[in-house]
Colleague: 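This structure is in structure tokens; I'll ask about it shortly.
In what follows, chains are A, B, ... by sequence order, proteins preceding strands, each numbered from 1.
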2 protein chains.
Amino acid sequence: MWTRSERFRADTDGPSDSANGGLGLAVTMRDVAKHAGVSPKTVSNVLSGFPHIRETTRSRVLASVEELGYQLNLSARNFRAGRTGIIGLAVPELSLPYFAELADAVINAAEQHGLTVMIEQTGARRERELTVLSSERGQLVDGLLFSPLALGPADVDHLRTTTPLVLLGERIFRGPVDHVAIDNVAGTQAAVEHLIAAGRRRIAVLGVHPGEEAGTAAIRYGAYLEAMAAAGLKPAKKLAMPAGPWHRSTGADAMEQLLAGGKRFDAVIGLNDTLALGAIRVLTRHGLRIPDDVAVAGFDDIDEARYSTPTLTTVDPSRKEIARLAVKLLVERMAGDRTEWREITAPYALRVRESTTGTAANA
Amino acid sequence: MWTRSERFRADTDGPSDSANGGLGLAVTMRDVAKHAGVSPKTVSNVLSGFPHIRETTRSRVLASVEELGYQLNLSARNFRAGRTGIIGLAVPELSLPYFAELADAVINAAEQHGLTVMIEQTGARRERELTVLSSERGQLVDGLLFSPLALGPADVDHLRTTTPLVLLGERIFRGPVDHVAIDNVAGTQAAVEHLIAAGRRRIAVLGVHPGEEAGTAAIRYGAYLEAMAAAGLKPAKKLAMPAGPWHRSTGADAMEQLLAGGKRFDAVIGLNDTLALGAIRVLTRHGLRIPDDVAVAGFDDIDEARYSTPTLTTVDPSRKEIARLAVKLLVERMAGDRTEWREITAPYALRVRESTTGTAANA
DNA sequence: TTGTAAGCGTTATCAT
DNA sequence: ATGATAACGCTTACAA
């Protein structure tokens with residue numbers, strides 16, 4: 001891709017914008033062309049970074065641009081070119097640290113490709129997620145990164161969008177769509193195995209979504225069940241606590257209920273970090289020692305997990321790598337290079353911290 | 001190009017093309033108009049919600065839209081209308097919970113006005129903040145909400161943008177620009193007074209920015225100094241710890257240094273919550289009891305503050321209200337209704353929690 | 001390497 | 001309440 005030459009606006013000291021009386025956008029490419037003694041097309045070429053331009057011409061054009069205080073009309077370019085340079089990122093909500101940190105990473109990754117990101121919050125509501133896929137706004141983005149939470153396998157047909165699409169997160173859909181997946185199964189199992197290796201046997205789970213067959217909750221819970229079974233453990237149903245949205249508050253609520261239930265447990269795995277952190281809060285308030293009485297693990301490795309008390313053992317799904325790969329896939333898809341869809345699973349790493357070991361490690 | 005012939009075919013064949021083969025965006029307003037037996041302008045009027053349209057016409061048009069699978073070309077509309085329905089939100093980084101939660105609130109507030117939000121991360125870097133103000137991208141947004149961190153009073157001239165602008169956060173600039181301010185002074189003083197009322201005398205500060213004269217750090221630190229002076233206390237210079245970006249990590253580092261410095265202190269105020277939370281982590285690891293040995297307070301009231309161990313006493317600047325007011329101001333500014341600029345200070349509230357009282361309260 | 005011609009699909013203007 | 005016409009400012013195709 002060409003790199004667009006950076007252009008500067010004449011700031012306050014502007015005798016320069018004499019042409020348009022300082023009233024903003026009156027200067028067009030034609031004005032610049034006239035001023036520089038070239039054709040509009042040449043101005044366009046210069047500003048688009050078209051390589052085959054004589055250096056003298058280029059600098060003459062740029063000088064005129066500066067002198068007239070010209071600013072390219074992006075709407076016009078987008079319209080005519082049929083591209084906007086914007087990609088969409090649809091996430092449940094930015095208040096969830098995982099998605100905020102993911103959005104940060106995606107914005108930075110997109111910037112590397114000269115792309116701007118437009119964030120859409122779905123609130124994890126099915127209807128909103130469908131809207132995102134079919135929205136008119138698809139007209140305004142060249143591609144879409146989509147982290148679905150409410151959609152299930154039955155919705156696979158909705159993924160046949162006209163705009164290039166890359167899915168983030170779970171491997172819920174069979175395709176045919178590009179996908180950067182989190183290694184939920186291996187990651188969750190690693191966490192559970194770690195708890196078992198630490199001698200825990202009654203491991204509770206926070207954040208299950210009863211009735212949901214696909215989705216992060218189902219996948220991670222399934223992985224937990226498998227890991228338990230592999231160790232010859234049969235977890236009691238009562239240790240699987242539902243929690244709708246995965247906030248600190250719902251994690252806290254779930255833990256309160258678990259404690260109220262009276263069922264014994266010596267470890268808890270939150271299906272994400274915020275659930276686990278909410279649970280830690282409640283455990284601590286109830287005077288239970290972590291990890292002595294109850295070990296706690298999470299999933300996501302949000303920044304907070306390194307600074308909570310105790311610090312939180314969790315699974316790091318490598319957000320940066322996910323963002324990088326997702327943008328790369330989307331860019332390739334937008335370029336139309338590839339036809340077959342691809343699925344990439346990002347690496348994960350278990351971060352062992354105090355909430356399971358009692359001492360700082362592997363921070 | 002194929003788009004052209006596709007459209008041409010629709011033109012000549014008329015309604016027969018109703019299937020459209022799913023090949024994308026070839027259907028234009030003209031096609032719809034022809035199909036419905038009206039003029040393009042009427043279609044436009046219907047789709048733009050122009051009120052004076054006969055009900056039969058409207059429904060005929062909408063039927064044609066549906067039958068042809070027509071989708072409005074937003075790029076074309078934006079171009080022609082000179083508006084995009086997008087507002088920009090420039091923040092330092094979404095990884096900072098305060099800004100993530102603010103962005104969430106702004107997106108929701110904007111939605112109420114039918115506006116979409118495009119987020120720009122400045123990284124709190126001066127150069128990036130200036131770019132945001134003068135960027136070509138200003139062409140693509142109808143207005144900008146800007147939360148400056150690196151700019152100072154000297155940059156006031158840069159705020160004379162052509163795009164409507166509303167500032168968020170500190171009252172650094174004198175105008176002439178709309179502003180939704182946080183009540184930093186009163187909020188910080190309330191926190192300090194609370195610590196003093198709790199019997200603390202040696203109150204350290206985390207996150208000062210030496211050499212910076214304006215900006216959040218300077219304002220909040222100044223308020224701290226005033227509150228101390230008002231109580232007849234003279235804080236030692238050594239208790240004011242610098243921290244560049246206000247992350248948990250820098251808060252932790254600052255606290256390590258404070259402890260290493262050997263200066264006695266019985267309270268700490270973090271200039272934001274993440275600093276305070278990083279500090280709590282370090283204090284706890286050093287075996288200091290909070291609040292018995294050291295009381296801790298923050299600023300921002302991020303969600304995390306209600307679930308940390310201990311929960312964090314902090315100043316709630318009412319993000320939702322800030323977002324609501326800011327979008328409202330911007331919308332009015334975009335409408336061109338008002339000429340004089342306004343400055344609104346959002347209400348604040350001190351949230352007293354365990355980190356200063358030892359017991360849950362006022363959560 | 002640069003110029004010419006021809007719109008892209010929508011909305012504004014003004015008329016009816 | 002609706003229609004005819006003319007742009008909006010840029011890029012694509014092709015010519016030179």
Colleague: Quickly, which of Thr56(B), Ile53(B), Asn45(B), Val43(B) forms a side-chain contact (heavy atoms from CB on, under 4.5 Å) with Val61(B)? Name it, please.
Modeller: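 Single side-chain contact (heavy atoms from CB on, under 4.5 Å) partner of Val61(B) among Thr56(B), Ile53(B), Asn45(B), Val43(B): Val43(B).
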
Colleague: Output the rounded distance in Å from CG (Asn78(B)) to P (dG9(D)).
Modeller: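 In whole Å, dG9(D) P and Asn78(B) CG are 15 Å from each other.
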
Colleague: Would you say Thr57(A) places a side-chain N or O within less than 4.0 Å of OP1 or OP2 belonging to dT2(C)?
Modeller: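 Yes, Thr57(A) has a side-chain N/O under 4.0 Å of OP1/OP2 on dT2(C).
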
Colleague: So, does Ser39(B) get its side chain near the phosphate of dG3(D), meaning an N or O under 4.0 Å from OP1 or OP2?
Modeller: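 Ser39(B) to dG3(D) OP1/OP2: side-chain N or O found under 4.0 Å.
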
Colleague: Any base atoms under 4.0 Å from Tyr70(B), or only sugar-phosphate, or nothing? Heavy atoms, all strands.
Modeller: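 It contacts sugar-phosphate atoms only.
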
Colleague: Out of Leu145(A), Asp178(A), Leu133(A), which residue meets the side-chain contact (heavy atoms from CB on, under 4.5 Å) rule with Leu165(A)?
Modeller: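 It is Leu133(A), the one option of Leu145(A), Asp178(A), Leu133(A) that forms the side-chain contact (heavy atoms from CB on, under 4.5 Å) with Leu165(A).
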
Colleague: If you check every side-chain atom of Ile53(A), which of dG9(C), dT2(C), dG3(C) has the closest atom?
Modeller: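 Among the listed nucleotides, the one closest to the side chain of Ile53(A) is dT2(C).
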
Colleague: Is Arg126(B) atom CZ crowded by more than 12 heavy atoms from other residues, nucleotides or ligands, each under 6.0 Å away?
Modeller: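 Open.
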
Colleague: Could you tell me whether the side chain of Glu129(B) and the main chain of Ala124(B) form a donor-acceptor pair under 3.5 Å?
Modeller: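 No, because the side chain of Glu129(B) does not come within donor-acceptor range (under 3.5 Å) of the backbone of Ala124(B).
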
Colleague: Calculate, to the nearest 0.5 Å, the distance between atoms NE2 and CG belonging to His158(B) and Leu130(B) respectively.
Modeller: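 The CG atom of Leu130(B) is 5.0 Å from NE2 of His158(B), to the nearest 0.5 Å.
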
Colleague: May Phe79(B) be described as stacking on the base of dC8(D), applying a 5.5 Å centroid limit and a 30° limit on plane angle?
Modeller: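 Yes, Phe79(B) stacks on the base of dC8(D), since the ring centres sit under 5.5 Å apart and the planes are within 30°.
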
Colleague: All N/O contacts under 3.5 Å from nucleotides 11-13 of chain C to the protein, with atom names and distances to one decimal?
Modeller:
from, atom 1, to, atom 2, distance (Å)
dT11(C), OP1, Arg77(B), NE, 2.6
dT11(C), OP1, Arg77(B), NH2, 3.1
dT11(C), OP2, Ser44(B), OG, 2.5
dT11(C), O2, Arg80(B), NH1, 3.2

Colleague: Looking only at side chains, do Asn78(A) and Ser75(B) share a donor and an acceptor under 3.5 Å apart?
Modeller: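 No, no side-chain donor-acceptor pair sits under 3.5 Å.
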
Colleague: Could you check how far NE2 of His52(A) sits from C1' of dT2(C), rounded to whole Å?
Modeller: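 Whole-Å distance recorded here is 13 Å.
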
Colleague: Would you indicate whether Glu55(A), at its atom CD, is surrounded by more than 12 heavy atoms from other residues, nucleotides or ligands within a distance under 6.0 Å?
Modeller: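 Yes, enclosed.
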
Colleague: How many Å lie between CZ on Arg60(B) and C1' on dT2(D), as a whole number?
Modeller: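 So the two atoms are 11 Å apart, to the nearest Å.
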
Colleague: What is the distance, rounded to the nearest whole Å, between atom NZ of Lys34(A) and atom P of dG9(D)?
Modeller: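 Roughly 14 Å, once rounded to whole Å.
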
Colleague: Could you give the CD-to-P distance, from Gln71(A) to dC10(D), as a whole number of Å?
Modeller: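 So the two atoms are 11 Å apart, to the nearest Å.
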
Colleague: Without decimals, in angstroms, what is the distance between Phe50(A) CZ and dT12(D) P?
Modeller: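 Rounded to whole Å, this separation is 11 Å.
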
Colleague: What is the distance from CZ of Arg30(A) to P of dT2(C), rounded to the nearest Å?
Modeller: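 For the pair Arg30(A) CZ and dT2(C) P, the rounded distance is 21 Å.
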
Colleague: Nearest whole Å is fine: how far is dT10(C) P from Leu74(B) CG?
Modeller: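 In whole Å, dT10(C) P lies 10 Å from Leu74(B) CG.
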
